[in-house]
Peer 1: 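To start, I am sharing the structure in question, which I have written as structure tokens.
Since the structure is predicted, the reported quantities are computational estimates derived from the model, not experimental observations. A note on names: the letters A, B, ... follow the listed sequences, proteins ahead of strands, and every chain is numbered from 1.
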Number of protein chains: 2
Amino acid sequence: MADADPARARQRQASGRRSARQSPAERRKQLIGIGLEMLTTRPLHQITIDDVAAEAAISRSLLFHYFPTKRDYYAEVVRAASRRLLRATRVEGETIDDLVAGFLSFIERRHEPYIALFRSAGTDDWVHEIFRDTRAALTDQVLTALDIDAPSELVRAAVGAWLAYAEELALEWAQHGTGTRDEIHALLTGALGCVVRSAP
Amino acid sequence: MADADPARARQRQASGRRSARQSPAERRKQLIGIGLEMLTTRPLHQITIDDVAAEAAISRSLLFHYFPTKRDYYAEVVRAASRRLLRATRVEGETIDDLVAGFLSFIERRHEPYIALFRSAGTDDWVHEIFRDTRAALTDQVLTALDIDAPSELVRAAVGAWLAYAEELALEWAQHGTGTRDEIHALLTGALGCVVRSAP
DNA sequence: CTACTTATCGAGCATTGCTCAATAGTGACG
DNA sequence: CGTCACTATTGAGCAATGCTCGATAAGTAG
């Protein structure tokens with residue numbers, strides 16, 4: 001994954017130690033891709049610049065040429081992960097059942113990256129902010145599926161908190177197999193209905 | 001907070017640079033106390049050994065004399081924070097209303113340290129483990145308050161996930177004033193009732 | 001071919017987690 | 001009171017890591 005083009009890699013190795021000159025867009029894409037992949041195997045703060053640079057076969061300095069700071073790099077990686085998550089959970093149908101089913105399917109397939117993303121939430125304020133934005137977008141999806149046009153602050157907060165409930169329960173199911181898929185599904189929709197019903 | 005005894009501090013400054021010899025128990029207590037205090041103002045991984053040592057007016061080396069590794073130190077600090085949290089949320093009454101009220105009061109008074117603790121959850125696996133233990137203990141408290149003796153795995157998971165919901169909603173209320181206390185209380189008890197009712 | 005832009009690198013600095021041998025309080029025992 | 005063992009405490013130093021800066025060379029325009 002560090003280099004999708006074997007020919008280029010061969011050329012690089014043959015021609016000397018200096019990495020082949022690439023367009024900034026490609027390099028950035030490559031570096032963020034490496035970050036995304038690494039994020040699935042370790043927590044964010046364990047991804048060192050050296051690791052990324054080595055994986056990309058470039059020098060540390062070059063990474064700082066593209067990202068002024070390690071945090072900036074992290075932020076872009078996390079943002080990319082967030083976009084990926086939102087794209088993957090985009091509601092297909094319009095009902096809550098469809099939405100919950102889609103969410104569960106997503107968690108079933110990709111709980112590792114999901115865990116990686118939202119376990120990174122605590123590492124620093126700016127990560128947490130990106131994480132909150134992501135959850136806000138998910139909250140909007142849920143609210144539209146619920147046909148709630150102008151929710152009060154309280155309802156928004158309650159639905160956002162329900163997402164925390166859903167994440168926790170779905171991950172417990174995906175990781176340790178607690179309950180059947182139908183049971184989890186019923187728990188999620190039941191709790192959501194309860195939440196919106198009791199929040200006027 | 002670094003030195004509660006001004007006389008000792010003065011003596012230390014006057015007599016030279018070497019810190020006054022103390023009993024291991026006192027030192028450990030002092031160091032963990034410093035960690036606890038720092039945890040309220042910054043995320044866990046931003047607490048450096050240098051900071052702690054400086055605050056305690058000792059050398060870095062001494063800290064490694066008491067804690068073999070930074071992680072061991074962190075772990076003890078986080079464990080202490082967890083104990084503190086569990087003690088503060090211990091159920092006074094026996095009903096769910098009492099429990100929720102106590103939880104809200106606790107969050108109202110001490111949401112900073114609480115945030116600090118559970119935002120540290122993602123930093124590393126061992127922190128996350130301590131965090132899970134804490135939540136498991138809280139889950140037990142809720143289950144006994146619900147008069148559920150032998151809960152199924154699914155019910156335990158659901159109640160644990162409800163704690164995530166409660167944390168999220170209570171923190172939103174405490175930090176941004178979303179909703180009144182009564183509204184939050186109603187949302188929490190309502191959702192919990194719904195959860196246990198729909199989990200057979 | 002020349003000149004210019006800039007992608008890329010190597011050397012080096014500061015911080016930080018950590019090790020180890022040396023130093024010096026402190027209490028015990030004669 | 002003197003001495004001795006114990007250990008709390010320290011400073012010097014190592015390796016990893018985030019980051020800076022000047023130099024180099026790979027492309028591109030003319």
Peer 1: Quickly work out the A:Arg60 CZ to C:dG12 P distance and round it to whole Å.
Peer 2: 13 Å
Peer 1: Within this structure, what is the CD1-to-C1' distance between A:Ile58 and C:dG10, rounded to whole angstrom?
Peer 2: 14 Å
Peer 1: If the plane angle is over 60° it's perpendicular, under 30° parallel, otherwise tilted; pick one for B:Tyr74 and B:Trp126.
Peer 2: parallel
Peer 1: Between A:Val155, A:Leu99, A:Ile96, which is the residue that forms a side chain to side chain contact (heavy atoms under 4.5 Å, CB included) with A:Leu146?
Peer 2: A:Ile96
Peer 1: Output the rounded distance in Å from NE2 (B:His45) to P (C:dT15).
Peer 2: 18 Å
Peer 1: Sequence neighbours left out, what passes side chain to side chain donor-acceptor pair (under 3.5 Å) with B:Thr48? Give chain and number order.
Peer 2: B:Asp51
Peer 1: Can you name the residues that form a ring-ring contact (aromatic ring centres under 6.0 Å, His included) with A:Phe64, not counting sequence neighbours?
Peer 2: none
Peer 1: How do B:Asp51 and A:Leu62 order along DNA chain C: which one's closest nucleotide is nearer the 5' end?
Peer 2: A:Leu62
Peer 1: Under 4.0 Å between a side-chain N/O of A:Arg27 and OP1 or OP2 of C:dT8, yes or no?
Peer 2: yes
Peer 1: Please list, chain by chain and in numerical order, all residues satisfying side chain to side chain donor-acceptor pair (under 3.5 Å) with B:Thr178, sequence neighbours excluded.
Peer 2: B:Glu172
Peer 1: Test of understanding: with side chain to side chain donor-acceptor pair (under 3.5 Å), list the residues that count as partners of B:Glu153, not counting sequence neighbours.
Peer 2: none
Peer 1: Is there a side-chain contact between B:Tyr165 and B:Val195, using heavy atoms and a 4.5 Å cut-off?
Peer 2: no
Peer 1: From B:Phe103 CZ over to B:Gln141 CD, what is the distance, rounded to the nearest 0.5 angstrom?
Peer 2: 10.5 Å
Peer 1: Are any protein N/O atoms closer than 3.5 Å to N/O atoms in nucleotides 23-25 of chain D? If there are, list each pair with its distance.
Peer 2:
unit_1, atom_1, unit_2, atom_2, d
D:dT24, O2, A:Arg18, NH1, 3.2

Peer 1: Choose from C:dT16, D:dT10, D:dA8 the nucleotide whose nearest atom is closest to any side-chain atom of B:Thr48.
Peer 2: C:dT16
Peer 1: Return yes if the base of D:dG11 and the side-chain atoms of B:Ser61 contain a donor-acceptor N/O pair under 3.5 Å, otherwise no.
Peer 2: yes
Peer 1: Starting from C1' on D:dA8, measure out to CG on B:Leu31 and report it in whole angstrom.
Peer 2: 12 Å
Peer 1: When the distance from CD1 of A:Ile49 to C1' of D:dT20 is rounded to whole Å, what number comes out?
Peer 2: 14 Å
Peer 1: Which residues within residues 63-78 of chain A lie with some heavy atom under 4.0 Å of an atom in DNA chain D?
Peer 2: A:Phe64, A:Pro68, A:Thr69, A:Lys70
Peer 1: Among A:Leu171, A:Thr40, A:Ile107, which one satisfies side chain to side chain contact (heavy atoms under 4.5 Å, CB included) with A:Ile115?
Peer 2: A:Leu171
Peer 1: Mind calculating the distance between CD (B:Gln30) and P (D:dT9) to the nearest angstrom?
Peer 2: 9 Å
